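To start, the structure itself, in structure tokens.
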Amino acid sequence: MAFTLPALGYAYDALEPNIDARTMEIHHTKHHQAYINNLNNAIAGTDLENQTLDHIMKTMDMNNNPVRNNGGGHWNHTLFWEIISPESKGRLSGSLAAAVDAAFGNVDTFKEKFAAAAMSRFGSGWAWLCAHSDGRVEICSSANQDNPLMPGIGCGGTPIAGLDVWEHAYYLHYQNRRADYIAAFWNVINWNVVEQKYAAALK
Ligand code: MN3
């Protein structure tokens, strides 16, 4: 079964001014679609063809660059579209807020550390908030289209929020101002979805 581009739950211009419509459209219809097309081509006729995307991530042969780069690209963007929304929804609360406090002291420190992870990723990659099955959360970043589900990335758990810091994610509107793009992320993060993903990661 070939992978297909997931529909967004909002219009391309719905995240303005935090993420501009042109970036959203190109990012979704060109970049994400290309990862999917290349992934489908890479797995056609192989044992991976009928596996779930999660299974492909967790059992990744890190020497298989076409599947690593394009499978990661598909998984990562699928999460990203889900955890943003036209306006920030919900708030950090409940058991996720407690886990964030336990790990970082408070929400502001969490945001600072997440932004630092996103800023310090040299070149292209992602910043992640990951949840472990025992409830702990941690922040990390990974290069290119790698993600923490893949073996040997250096941080564990399940990503429950991720921020794309490839220039294609922000350059049209923010040019080199990655810090401004990261700050705008908090205006569009959907905490309700992140909390659902946190709860699912504990099972
Ligand atoms: Mn991207």
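For clarity, every value in this text was computed on a predicted model and none was experimentally measured. As the structure lists them, so they are numbered: ligands from 1, and atoms in each ligand from 1.
Residues passing the side chain to side chain contact (heavy atoms under 4.5 Å, CB included) test with Asp20, sequence neighbours excluded: Glu16, Arg22, Thr23, Leu172, His173.
Within the hydrophobic cluster formed by Ile, Leu, Val, Met, Phe, Trp and Tyr side chains joined at under 4.5 Å, directly or through other members, Tyr171 stands alone, with no partner residue. Membership of an apolar cluster is not assigned to Phe122, as no side-chain contact below 4.5 Å to another ILVMFWY residue is traced.
Protein nitrogen, oxygen and sulfur atoms, that is N, O or S, within less than 2.8 Å of the Mn ion (ligand 1) amount to 4.
A cation-pi arrangement is present between Lys111 and Trp186, with the terminal nitrogen or guanidinium carbon under 6.0 Å from the aromatic centre and inside a 45° cone about the axis.
Between Phe114 and Phe110, the two ring planes are tilted [angle within 30° to 60°]. Between Trp126 and Phe80, the angle of the ring planes goes over 60°, which puts this pair in the perpendicular group of the 30/60° scheme.
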